[in-house]
Amino acid sequence: MQLLEIQSSVRQDRSVSRTLVSKFIYQWQLFHPEAQHQLRDLGQQPPALITAEWVAANQTPAQDQTETTKALLAESDALIAELFECDRIVIGVPMYNFGIPAHLKAYFDNVIRVGHTVGYNRDTATFKGLLTEKQALIISSRTGSYAPETPAATMDFCVPYLQFLLNFLGIQHVDYVEVPYQGMGGKIQQQATETAIARLMELAEVW
Ligand SMILES: Cc1cc2nc3c(=O)[nH]c(=O)nc-3n(C[C@H](O)[C@H](O)[C@H](O)COP(=O)(O)O)c2cc1C
């Protein structure tokens, strides 16, 4: 069993998403002591933004790849290999301006590649995610509360989008724990954090 931890907060010390992801993984490892653990820290080490040259390299057939195009795709290839190797993915994601952090978007631009992580059927014009047999957990911190089934959920372009991207890649089993009211202070923040931690501890036993 291989667990990939993806962190996307730009904060290190005071990051709620980092803290809760770490708590979850610590607890989960008690039930899976044999599991390998790999960290992909996008907040600290963002992937390169894709460029016109990158897109052209990505569209170049395998037999026509050169040292230059291979070098342009090397980081993306490594990120994709890391994804294929893992069985479980835990993603810490703060909401930034109602969406995902730019570093995490850059990551998906690097790993969503037709012919590598997504298959395309020309006859039916349909895509099929190739990252099957995996499951993911999203832990998302935010100052508001955008819980599914509430009116505010329509303002959450972070987690529904992330869930869609994971599904598009072929990862159908996606769990989600919201950590709302971060930065509000007081009892409301404390209770929300405790509720999220309790849910994560329960999930760690069965995940
Ligand atoms: C640039 C930026 C944009 C933010 N935008 C939102 C937002 O749109 N909605 C929200 O509820 N919180 C927003 N927040 C608050 C963060 O989601 C919240 O502080 C969260 O705890 C950050 O995650 P972290 O503690 O892991 O760094 C924003 C914070 C930053 C730094």
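What's counted below: heavy atoms across the whole structure, side chains too, no hydrogens, waters or symmetry copies. Note that this is a predicted model, so its numbers are computed, not measured. Order of listing sets the numbers, starting from 1, for every ligand and every atom in it.
- Scanning the protein heavy atoms around atom 13 (C) of ligand 1, the nearest turns out to be Met95 O, 3.3 Å.
- Taking the six-membered ring for Trp and the full ring otherwise, the centers of Phe98 and Phe157 sit at least 6.0 Å from each other.
- With hydrogens left out, the protein atom closest to atom 5 (N) of ligand 1 is Asn97 N, 2.8 Å, a heavy atom.
- Counting heavy atoms closer than 4.0 Å to ligand 1, residue Ser141 contributes atoms from both its backbone and its side chain.
- If you number the atoms of ligand 1 from 1 as listed, the ones under 4.0 Å from a heavy atom of Gly144 come out as 10 (C), 11 (O).
- Remark: ligand 1 atoms within the under-4.0 Å shell around heavy atoms of Ser17 are 24 (P), 26 (O).
- In terms of heavy-atom proximity, Ser145 sits nearest to Ala152 at O-CB, 3.4 Å.
- The single protein non-hydrogen atom nearest to atom 30 (C) of ligand 1 is Tyr96 CD2, 3.6 Å, given as residue, atom name and distance.
- A donor-acceptor pair shorter than 3.5 Å can be found between the side chains of Gln7 and Glu5.
- Ion pairing between Arg88 and Asp175 fails under the 4.0 Å rule for side-chain N and carboxylate O.
- Looking only at protein heavy atoms, the nearest one to atom 22 (C) of ligand 1 is Pro94 CB, 3.4 Å.
- A salt bridge does not link Lys70 to Asp77: none of the charged side-chain nitrogens sits closer than 4.0 Å to a carboxylate oxygen.
- At a heavy-atom cutoff of 4.0 Å, ligand 1 is contacted by the side chain of Arg11 but not by its backbone.
- Scanning the protein heavy atoms around atom 19 (O) of ligand 1, the nearest turns out to be Thr143 OG1, 3.9 Å.
- Relative orientation of the Tyr120 and Phe127 rings is tilted, given thresholds of 30° and 60° on the angle between their planes.
- Comparing Gln189, Gln182, Met184 by heavy-atom distance to atom 21 (O) of ligand 1, the nearest is Gln182.
- Among all protein heavy atoms, the one lying closest to atom 10 (C) of ligand 1 is Tyr146 OH, 3.3 Å.
- Remark: aromatic rings of Trp207 and Phe24 are close, center separation under 6.0 Å.
- Residue Trp54 comes nearest to Asp109 through the heavy atom pair CH2-O, 3.5 Å, listed as atom of the first residue, atom of the second, then distance.
- Remark: ligand 1 and Ser9 share an N or O pair separated by less than 3.5 Å (distance only, no angle test).
- The protein heavy-atom contact nearest to atom 8 (O) of ligand 1 is Phe98 N, 2.8 Å.
- Between Ser17 and Ser9, the shortest heavy-atom contact is OG-CB, 3.7 Å.
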